[in-house]
Amino acid sequence: MNWHEVAEYIEDPVIRDNALDFYKNKGGAPAYGLNTNPGMWYQDIGGRIPHDSDRRETVEESDGERNLVLIRRALESIGIDYMVVFPTAMLHVGMHPQLDMEVVLSRAFNRWLVDHILKADDRLKSMLYLPFSNPEASIKMVEEFAGEPGVIGFMVTSVRNQPVQANPYMKLYATLQERGLPIAFHSGYYWQEPVLTQFSRFVGMHTVGFVLWNIVHLVNWVLHGIPERFPRLKVIWIESGLAWVPFMIQRLDHEYLLRTSEAPALKRLPSEYIREMFFSAQPLEKYSLNALEFTFKMINAESQLLYASDWPHQDFDLPSTIYDLPFLSEGAKRNILGGNALKLFNLDNPKGK
Amino acid sequence: MIGKPKAEEPGVPELYVGNEAEFDEGGRKVIDHAGLEIGVFRIKGRFFAYENHCAHQGGPVCQGRIFKRVEEDLAPDGTSAGFKYSADRVHIVCPWHGYEYDLETGALPTNGKVRLRTFEVTIRGGDVYVAL
């Protein structure tokens with residue numbers, strides 16, 4: 001991502017000038033305005049995964065905009081008809097110490113994304129970043145950007161400490177439901193979170209950190225009856241894999257039945273709501289195929305699971321991670337690899353498929 | 001190119017890889033024969049050959065970076081002094097996702113059942129051949 005181009009899209013003239021000057025004059029500069037996360041230093045396992053260290057693919061000037069060239073190469077080499085793009089660099093902005101910066105940066109990023117990526121190729125889609133720390137700005141974002149080319153929903157970056165059941169968010173959920181646009185929670189890790197600072201190795205922090213935030217938000221989403229309040233609002237849980245979901249189903253049903261008076265908005269078991277949610281498959285934990293098969297049954301994978309590549313990150317999955325699973329029917333494979341997403345996002349069936 | 005069948009095993013085709021002198025210690029060569037890619041490595045003076053196909057998701061493992069195995073530096077009292085490199089085990093790391101294989105066994109160090117497809121290597125007259 002060319003973060004210096006995003007800086008040009010910052011609307012606040014003072015912050016924009018500060019950002020541009022930062023790029024002009026500061027050597028070895030990181031992305032302006034973003035809060036950093038030390039985990040990013042370790043994703044490539046000390047250089048063992050070179051594509052995570054740096055994208056060094058050659059792009060000639062005559063090929064066009066580098067981002068587009070790389071995305072199109074990925075589409076073609078992985079064999080994907082539609083790609084939903086997400087902003088890696090912004091996955092930690094929900095923890096930004098300057099609350100206003102989330103609005104500033106998300107507006108800049110979304111405007112840049114529509115102009116440079118989504119308008120350029122109708123195979124490219126995105127669920128746009130919501131500045132969730134500011135519910136009013138989030139609603140404004142939906143009102144302003146719903147209907148822009150390639151916008152198929154909106155996304156909350158999960159790494160944050162803002163409870164999803166807070167009343168100011170209800171208008172946001174209603175706005176999305178009214179427009180038939182799904183909301184996604186894109187997980188991430190944040191090593192500075194106090195409980196995670198006990199991990200001295202990336203692998204431990206990543207194992208726990210990448211599910212922690214989605215666990216918290218999903219529990220609140222269910223126990224506060226958001227699915228009862230907005231029954232037509234589709235919710236997607238992204239990039240936490242799947243192994244945590246059977247754990248949460250068992251745990252929530254157990255706890256709920258002991259304390260139903262604390263969750264009076266529910267009319268069904270937590271598991272019944274969870275089975276109507278959508279999950280992206282990556283990174284697919286498949287070391288035990290028996291456990292994975294059971295997981296697929298628990299989440300109604302045939303209709304609720306969405307293949308995700310996460311290319312070009314260190315734990316990306318190819319379509320073969322789904323296609324090669326021995327316990328899936330051909331129909332289930334087709335649904336997970338595309339059919340479920342076509343229906344969820346109301347996309348046209350790709351030609352000839 | 002395909003070499004002559006080995007005299008002692010008639011009918012087993014071989015691939016000519018190159019001359020022994022082309023391999024430095026820790027060096028490698030990845031060859032392609034009709035779509036079958038094989039990586040040949042020289043480790044401690046011995047040759048090893050594996051299919052360039054990671055057991056995880058099919059990545060080009062033989063083109064990955066080579067590292068000494070990382071070990072935990074544990075004292076007899078159970079305390080850890082952090083990381084250290086193995087004095088003698090060498091790993092190759094799949095560049096797609098980081099699966100690490102011991103280059104002398106072709107297997108994951110913590111699960112010998114997960115291994116790379118192995119090919120027999122023969123040296124004749126200073127030339128290196130892989131049996132298909």
Side-chain angles (χ1 to χ4, degrees), chain A residues 39-57 73-74 77-80 198-207 210 239 241 281-290 292 307-326 337, chain B residues 26 28 30 32 35 37 39 41 50-75 78-86 89-103 106-117:
Chain A
M40 301 302 281
W41 304 332
Y42 304 99
Q43 288 212 158
D44 67 349
I45 325 175
R48 285 165 173 77
I49 303 181
H51 63 83
D52 204 284
S53 309
D54 193 11
R55 251 68 74 197
R56 291 180 188 154
E57 293 177 51
R73 281 180 190 165
S77 59
I78 300 174
I80 290 175
Q198 296 172 84
F199 292 110
S200 58
R201 307 266 164 90
F202 178 92
V203 59
M205 182 280 298
H206 193 259
T207 301
F210 236 104
E239 211 175 323
Q282 184 276 340
L284 196 69
E285 304 99 337
K286 58 173 192 171
Y287 200 75
S288 163
L289 280 178
N290 288 337
L292 187 63
Y307 162 74
S309 70
D310 198 32
W311 175 258
H313 292 162
Q314 40 105 19
D315 50 357
F316 74 95
D317 280 339
L318 294 173
S320 57
T321 54
I322 299 297
Y323 195 78
D324 290 346
L325 291 176
L337 286 167
Chain B
R28 85 181 93 180
V30 180
D32 180 349
E37 295 179 7
F41 302 85
Y50 304 108
E51 186 177 2
N52 190 23
H53 185 94
C54 181
H56 175 226
Q57 284 196 34
V61 57
C62 294
Q63 290 162 277
R65 291 183 66 183
I66 295 172
F67 289 82
K68 288 178 181 171
R69 178 186 297 179
V70 175
E71 297 176 342
E72 187 89 31
D73 189 6
L74 296 177
T79 55
S80 171
F83 295 133
K84 66 177 182 180
Y85 282 114
S86 166
R89 304 312 297 183
V90 182
H91 285 183
I92 188 154
V93 188
C94 181
W96 275 10
H97 299 96
Y99 260 45
E100 294 202 19
Y101 299 85
D102 187 309
L103 263 176
L108 296 188
T110 46
N111 183 353
K113 290 179 187 167
V114 179
R115 54 177 56 249
L116 300 173
R117 181 182 173 195

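Labels below follow one simple rule: chain letters A, B, ... track the order of the sequence lines, proteins then strands, and each chain is numbered from 1. Basis for what follows: all heavy atoms, side chains included, without hydrogens, waters or symmetry-related copies.
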When the 4.5 angstrom heavy-atom criterion is applied to Asp44(A) and chain B, the contacting part is neither

So which heavy atom on [X] is nearest to which on [Y], and how close?
X	Y	value
Arg48(A)	Phe67(B)	CG-CE1, 3.3 Å
Phe83(B)	Arg201(A)	CZ-NE, 3.2 Å
Ile49(A)	Trp96(B)	CG2-O, 3.6 Å

Could you tell me the separation between the NE2 atom of His97(B) and the CD1 atom of Ile45(A), rounded to the nearest 0.5 Å?
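Separation between the atoms: 10.5 Å.
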
Taking atom NE2 of His56(B) and atom OG1 of Thr321(A), what is their separation to the nearest 0.5 Å?
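Taking NE2 in His56(B) and OG1 in Thr321(A), the distance rounds to 8.5 Å.
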
